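The structure is given below, and queries will be raised subsequently.
The structure presented is a predicted model; accordingly, all values stated were derived computationally and were not measured. Chain letters run A, B, ... following the sequence lines, proteins first, then strands; residues in each count from 1. Heavy atoms only: backbone and side chains are in, while hydrogens, waters and symmetry mates are out.
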Protein chains: 2
Amino acid sequence: MAGGTEVPGGGARPATSTDVAIEAGVSQATVARTFSAPHLVSEGTRQRVSEAAARLGYVPNAFARSLKSQQSNVVGAVVPAYGEYWQNVLSAVTRELAARGRQLLLFSFTDPGEVDDVLDIVRQYRVSGLLLASASIRPDQLSAMRRQSSPTVAFNQPAASGLVSSVSVDNESGCRLLASHLVDQGCRTAVFVGGVSSISTDQARYRGAAREMGDHGVALPYIEAGAFSYDAGYGCAERIARLAPDAVMVGSDEVAFGVIDGLESRGIRIPDDLAVTGFDGLPQAAWAGIDLTTLVQPTDLLARHAAELLVDTASASRPTDVVVDGHLRIGRTTKRSDR
Amino acid sequence: MAGGTEVPGGGARPATSTDVAIEAGVSQATVARTFSAPHLVSEGTRQRVSEAAARLGYVPNAFARSLKSQQSNVVGAVVPAYGEYWQNVLSAVTRELAARGRQLLLFSFTDPGEVDDVLDIVRQYRVSGLLLASASIRPDQLSAMRRQSSPTVAFNQPAASGLVSSVSVDNESGCRLLASHLVDQGCRTAVFVGGVSSISTDQARYRGAAREMGDHGVALPYIEAGAFSYDAGYGCAERIARLAPDAVMVGSDEVAFGVIDGLESRGIRIPDDLAVTGFDGLPQAAWAGIDLTTLVQPTDLLARHAAELLVDTASASRPTDVVVDGHLRIGRTTKRSDR
DNA sequence: GAATCCTATGAATACGTATTCATTGCGTCA
DNA sequence: TGACGCAATGAATACGTATTCATAGGATTC
């Protein structure tokens, strides 16, 4: 058996502000001020304290600070564990928050059924803001979190209106743009492939697409892939092929990638036999080998709005809804060579 | 009559264990025990406390708990803000940690130069474990964090040996597998495309590839893409084409996707004119439209090992290095129809 | 030259919980 | 029956910091 595992500096407890105070010959209060309100400390003292702190390797304890000051610099995020889209959102939001001096405490869930348990854990952390990837979170769950006096932002769920703040892209008009583009290309029959029909985002996208198509006399049957994943999209190919439409509008890029490959595996050529559109504007949509026509969400802009709401404590009592327009990206998947 | 579910609204400060104690007619200590050591409380009392807590909407304060108990359930993660690969790792690690009752506090950085600042912030949070996406973190920065008595794990940087624990795939043997496969396919000349040559992972992969190729008398010049991104890969096409090799081994999938599209845009057919391999085994590599030959990292397994090390407090004083083998995925990008 | 104000600091307290120590009541064993 | 052990609880304290209140000079004003 190996005995005392001697780590230099390992067993020693981290230095506290009191330790630094003694080392620098000042009071603990002065040390605290040096780090959290330097302007209240004279130049000379600040210097001495800083040196003492450096000598002892002192670093303020964020937990104690949060406890006392009743506010943390931590923003919570409840996000699905899977999904290309959410990974990108998370990445963008993290960047924006970091730029505002906030850290992100991540709570992920695999199954929507876990959300309640996760939210209970979230409550234990007195986060200064909460981001909810709400396509997967029920409205009543959203409203339960509003109790917190900290800003709460639902990402991509405009239906959350009134309960919490929200930031989202205009799903309906985005889909109208896509549908309109397809009609321009000569599309006369089409199909919509959604991910999960119970999700409000999915519904809004279908609604927009169906209305625009309807305005041009084109019917738009709905097919449910069952998940927002490549595989789910791939598995839809047969059902789509059976309907033999001019075009297929897919509710999200990730599913669309699967749909495309599924269709091509059945010998259907895109766009010659069938046009395909997506939604989200994932990075992969722009890859030359894919070049998907899609509605690009301005993720960075959305993330910036979200971060601003999360940082602004006043927004807690005044829920704000931000809706941003996406823009059309036209790729090879809808470019008919003939007509 | 469910009147009790009413919680005094927004502005009211959250209930504390003392509030619950009064409500339930017990001491604060008993309330604390009810939540953190229920077995020390009698059945009846536990019941009464739970009801009082529910009535007041009480939730334990994680910060206060961490402060007093000197340990948090929070694991820190320092990860680059961009990159498909890291997003996947993060996603996997988050899942594994959630299963172990840990939350993830995310610190992201855009530029390696920010790492020092980020690490300073990390130190403020007394995280119970720290995950370092260390391909971008210097060894001296790693060792500086070892001071913490909490487990520190470098993900994908075996060179961290001795300083902190590490979890990584066997880069060198993985690349040997890929190279060997290419030679079997009849490859006689080849090129290696790395991301950033100063990164140890990049070096290890090139080393493995070059050695295996060398064993078969094939030279392997190195080309640096300049970043681990699609665009960087796309931009390499010209330099690759100029060398006109049989095969190009790319150091990471994300770059490989770019290389493929870049080459095809120049009229080079894959795999007929040129074979391509990647490394990482990103989900996109398995997409039918891409079907890249690559070395698949067992991300879930790596994440599990990382999570276990991060949770095991003993691992702090006993750095452990875990190296796992990846497996070869053979896709269309190396399948020669003729020869 | 005193009244006043401002700056820099220290002493003391509170944040919400976990934990030690002490106390009580009760069942058990000799 | 008395000594003892155990289970359940309460009182008190400590975790590390921010902040209020008080104090001592020193500069400023009339």
**A/H39 NE2 to C/dT9 C1', straight-line distance once rounded to whole Å** =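 Taking atom C1' of C/dT9 as the reference, NE2 of A/H39 is at 15 Å.
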**Message:** The test is side-chain hydrogen bond (donor to acceptor under 3.5 Å, both in side chains); show your working for A/S91 and A/R95 and say whether it passes.
**Reply:** CA-CA 6 Å; A/S91 172; A/R95 285 195 297 273; 2.9 Å; yes
**Asked** Does the side chain of B/S69 get closer than 4.0 angstrom to OP1 or OP2 of C/dT17 through an N or O atom?
**Response**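 No, because none of the side-chain N or O atoms of B/S69 sits under 4.0 Å from OP1 or OP2 of C/dT17.
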**Contact check, side chains of B/L67 and B/F63, non-hydrogen atoms, under 4.5 Å** =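 A side-chain contact is absent here, since even the closest heavy-atom pair is not under 4.5 Å.
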**Item:** 5′-ward residue of the pair A/N61/B/G44 relative to DNA chain D
**Value:**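 So the residue in question is B/G44.
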**Prompt:** Between B/R318 and B/D312, does at least one N-O distance fall below 4.0 Å, as a salt bridge requires?
**Reply:**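 B/D312 and B/R318: salt-bridged.
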**Request:** Figure out the CD/C1' separation between A/Q124 and C/dT17, and round it to whole Å.
**Result:**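 Rounding to the nearest Å, CD of A/Q124 and C1' of C/dT17 are 12 Å apart.
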**Prompt:** Nearest to the side chain of B/S27, which nucleotide is it out of D/dT9, D/dG10, C/dA18?
**Reply:**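 Of the options given, the side chain of B/S27 lies nearest D/dG10.
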**Message:** What's the closest nucleotide to the side chain of A/A29 if the choices are C/dT19, C/dT17, C/dG10?
**Reply:**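 For the A/A29 side chain, the nearest candidate turns out to be C/dG10.
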**Prompt:** With the threshold set at 4.0 Å, does a side-chain nitrogen-carboxylate oxygen contact exist between A/E51 and A/R48?
**Reply:**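 Salt bridge: no.
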**Prompt:** Whole Å only: how far is the CG atom of B/N73 from the P atom of C/dT17?
**Reply:**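 These atoms are roughly 15 Å apart.
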**Asked** Over how many whole Å does the gap from A/K68 atom NZ to C/dT13 atom P extend?
**Response**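 From A/K68 NZ to C/dT13 P: 12 Å.
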**Asked** Which nucleotide sits closest to the side chain of B/R33: D/dT19, D/dG10, C/dC15?
**Response**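 Nucleotide nearest to B/R33's side chain: D/dG10.
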**Asked** Any idea which of D/dT19, C/dT19, D/dT9 is nearest the B/Q28 side chain?
**Response**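 Given the options D/dT19, C/dT19, D/dT9, the side chain of B/Q28 is closest to C/dT19.
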**Request:** Would you indicate whether the side-chain heavy atoms of B/L104 and B/L90 approach each other to under 4.5 Å?
**Result:**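 Result yes, sub-4.5 Å side-chain heavy-atom pair found.
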**Asked** Is there a side-chain polar atom (N or O) of B/Y58 under 4.0 Å from OP1 or OP2 of C/dT17?
**Response**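 Yes, because at least one side-chain N or O of B/Y58 sits under 4.0 Å from OP1 or OP2 of C/dT17.
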**Prompt:** Which whole-number value in Å describes the distance from B/F63 CZ to C/dA14 C1'?
**Reply:**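 So the CZ-C1' distance, B/F63 to C/dA14, works out to 18 Å.
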**Asked** Are A/S17 and D/dT17 close enough that a side-chain N or O sits under 4.0 Å from OP1 or OP2?
**Response**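 For A/S17, the contact criterion (side-chain N or O under 4.0 Å from OP1 or OP2 of D/dT17) is met.
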**Request:** From the options D/dT9, D/dC15, D/dT17, select the nucleotide whose nearest atom is closest to the side chain of B/Q70.
**Result:**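 Within the option list, the nearest is D/dC15.
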**Request:** With DNA chain D as reference, determine whether A/V31 or B/T45 sits nearer its 5' end, using the nearest nucleotide of each.
**Result:**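 Whichever sits nearer the 5' end wins; that is B/T45.
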**Request:** Round to a whole Å and report the spacing from CG of B/L40 to P of C/dC21.
**Result:**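 Going from B/L40 (CG) to C/dC21 (P), I get 15 Å.
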**Request:** Provide, to the nearest angstrom, the distance between the CG atom belonging to B/L67 and the C1' atom belonging to D/dG16.
**Result:**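 The distance from CG of B/L67 to C1' of D/dG16 comes to 6 Å, rounded to the nearest Å.
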**Message:** Taking only side-chain N and O atoms of B/T18, does any of them lie within less than 4.0 angstrom of OP1 or OP2 on C/dG16?
**Reply:**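 No, because none of the side-chain N or O atoms of B/T18 sits under 4.0 Å from OP1 or OP2 of C/dG16.
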**Asked** If you check every side-chain atom of B/R65, which of C/dA18, D/dG10, C/dG16 has the closest atom?
**Response**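 The answer is C/dA18, which lies nearest to the side chain.
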**Asked** Counting side-chain heavy atoms from C-beta on, which of C/dT9, C/dT19, C/dG10 comes nearest to B/A32?
**Response**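 Nearest to the side-chain atoms of B/A32, counting from C-beta on, is C/dT19.
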**Request:** Could you state the atom-to-atom distance from CD1 of A/I22 to P of D/dT17 in whole Å?
**Result:**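 Atom-to-atom, A/I22 to D/dT17, this comes out as 13 Å.
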**Prompt:** Measuring from B/Y58:OH to A/R123:CZ, what's the distance to the nearest 0.5 Å?
**Reply:**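 Output value for this atom pair is 13.5 Å.
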